[in-house]
Protein chains: 2
Amino acid sequence: MFQALADPARRGMVERLSQGPASVSELARPLDMSLPAVMQHLAMLEAGGIVTSEKVGRVRTCRMNPDVLSLAEQWINQRRTQWERRLDRLGDFLAAEEDPK
Amino acid sequence: MFQALADPARRGMVERLSQGPASVSELARPLDMSLPAVMQHLAMLEAGGIVTSEKVGRVRTCRMNPDVLSLAEQWINQRRTQWERRLDRLGDFLAAEEDPK
DNA sequence: TCGATAGTTAGGCGATCGCTTGACTATTTC
DNA sequence: GAAATAGTCAAGCGATCGCCTAACTATCGA
C-alpha cells in the first residue's frame, strides 16, 4: 500500500482525487500517458485500498478512501514519535549526567 | 521516498531503527536474507533520506532521520484531511437542502 | 601476525513495473 | 443505426527490483 504511493503518477492521481471524485479520463488528462497506463496505475491504487471505483453507464468514477491513508499515516507517525521519544529520554539522561542533582 | 517504504523488509528495518541505531548486521539478523541484499535495501533507505549511516572502524551504524518521515506523514495527512473536509462540506450542503432554514 | 569479524563490490537471474500499441466492447448522441 | 465517446484486454519490451553467490577489503583481537 506504500507500494501504491511509490509512483509519482499515482500520487498525482491521489492529489486529484483528494479534491473530489473523478472519471478515468479526468485522471488521465494531466498525465501525458496512454489510457491503459492510467488504468494500470488505478488498479494498483485499488489493490492498495487507497481508491475505490464504480462504473455507471460507460464512465468509471473513482474516489479516495481516507481510512487506508490514515493507516499509513499512523504507521509513519508511530515510527517517528518512537524515535523522537528515544531522543528525548537520551537528552534527559545526558542532562542528568552533566548535572546530577 | 515512498518508494523506500514500499518494501516490507525495509519497513522492518525502519521499525528496528525507530527504537535506536543499529549496525548493518543487526539490521540483517532478523531478516533471513544475505548481507548484500540488506545493503541494497539500506542504500534505498538512504537514497530516500529516511536513514543515514556512518562507518567507524569496521562497523557501519545506521540511524533514522525523522524529518523525512514527517514529510511523508504530512503529505498523506494533507490529502486525507482535504478529502474529509470536502465530505463535511458536502454533508452541510445536503443538510441545508433537506432543511432550508 | 593470523584468523575471525564486518562490510563491500561485482555479476547474474527471474519477477515485477511502467509504459506502449492495437484490437475490441460497451454506451451515448446525433 | 452510424459515429463519437469512455473504457478495457492482451501482448510485448526495456528498466528496475529483490535476491543470490563468489570474491575481496578493511579492521580488530588474541
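Every heavy atom of this structure was used, including side-chain atoms; hydrogens, water molecules and symmetry mates were not. Every chain is numbered from 1 and lettered A, B, ... according to where its sequence line falls, protein lines coming before strand lines. The shown structure was predicted, so the numbers you read here are calculated from the model rather than taken from an experiment.
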ring-ring contact (aromatic ring centres under 6.0 Å, His included) contacts in which one or both residues fall within residues 9-33 of chain A, not counting sequence neighbours: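 Sorted result for residues 9-33 of chain A: empty, none.
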Pick out the pairs of N or O atoms, protein on one side and nucleotides 7-10 of chain D on the other, that lie under 3.5 Å.
residue	atom	partner	partner atom	Å
D:dG7	OP1	A:V24	N	3.4
D:dG7	OP1	A:R60	N	3.2
D:dG7	OP2	A:S25	N	3.0
D:dG7	OP2	A:S25	OG	2.1
D:dT8	OP1	A:R60	NE	2.6
D:dT8	OP1	A:R60	NH2	2.8

First of A:G57 and A:D32 reached from the 5' end of DNA chain C, by closest nucleotide: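 It is A:D32 whose nearest nucleotide is closer to the 5' end.
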Closest heavy-atom pair and its distance - B:V68, B:G49: CG2-O, 3.3 Å
Side-chain atoms of residues 21-42 of chain B: list all donor-acceptor pairs with protein atoms under 3.5 Å, sequence neighbours left out, distances to 0.1 Å.
residue	atom	partner	partner atom	Å
B:S23	OG	B:E26	N	3.2
B:E26	OE1	B:S23	N	3.0
B:S34	OG	B:A37	N	3.4
B:H41	ND1	B:R10	NH1	3.0

Mind checking what makes side-chain hydrogen bond (donor to acceptor under 3.5 Å, both in side chains) contact with [X], not counting sequence neighbours?
X	value
B:Q19	A:Q82
B:E84	B:R80
B:E46	B:S53

With a 4.0 angstrom cut-off to heavy atoms of chain B, pull out the first and last contacting nucleotide of DNA chain C, in 5'-to-3' order.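 Using the under 4.0 Å cut-off, the span is C:dA4 to C:dT9.
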With sequence neighbours excluded, what pairs up with B:W75 under the ring-ring contact (aromatic ring centres under 6.0 Å, His included) test?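 ring-ring contact (aromatic ring centres under 6.0 Å, His included) list for B:W75, sorted by chain: B:F2.
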Counterpart residues, side-chain contact (heavy atoms from CB on, under 4.5 Å), relative to B:T52 (two or more places apart): B:R63
At 4.0 Å (heavy atoms only), tell me whether B:A37 reaches a base, stays on the sugar-phosphate, or touches nothing. sugar-phosphate
Taking it one step at a time, do B:L17 and B:V51 satisfy side-chain contact (heavy atoms from CB on, under 4.5 Å)? CA-CA 9 Å; B:L17 287 176; B:V51 162; 3.5 Å; yes
Interatomic distance where CE belongs to B:M33 and P belongs to D:dC17 [whole Å]: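 Interatomic distance, CE of B:M33 to P of D:dC17: 15 Å.
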Would you say A:V59 and A:T61 make side-chain contact, with heavy atoms under 4.5 Å?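 Side-chain contact under 4.5 Å: yes.
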Please list, in numerical order, the residues of residues 1-15 of chain A that have a heavy atom closer than 4.0 Å to any atom of DNA chain C.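 Within residues 1-15 of chain A, the residues near DNA chain C are A:D7, A:R10.
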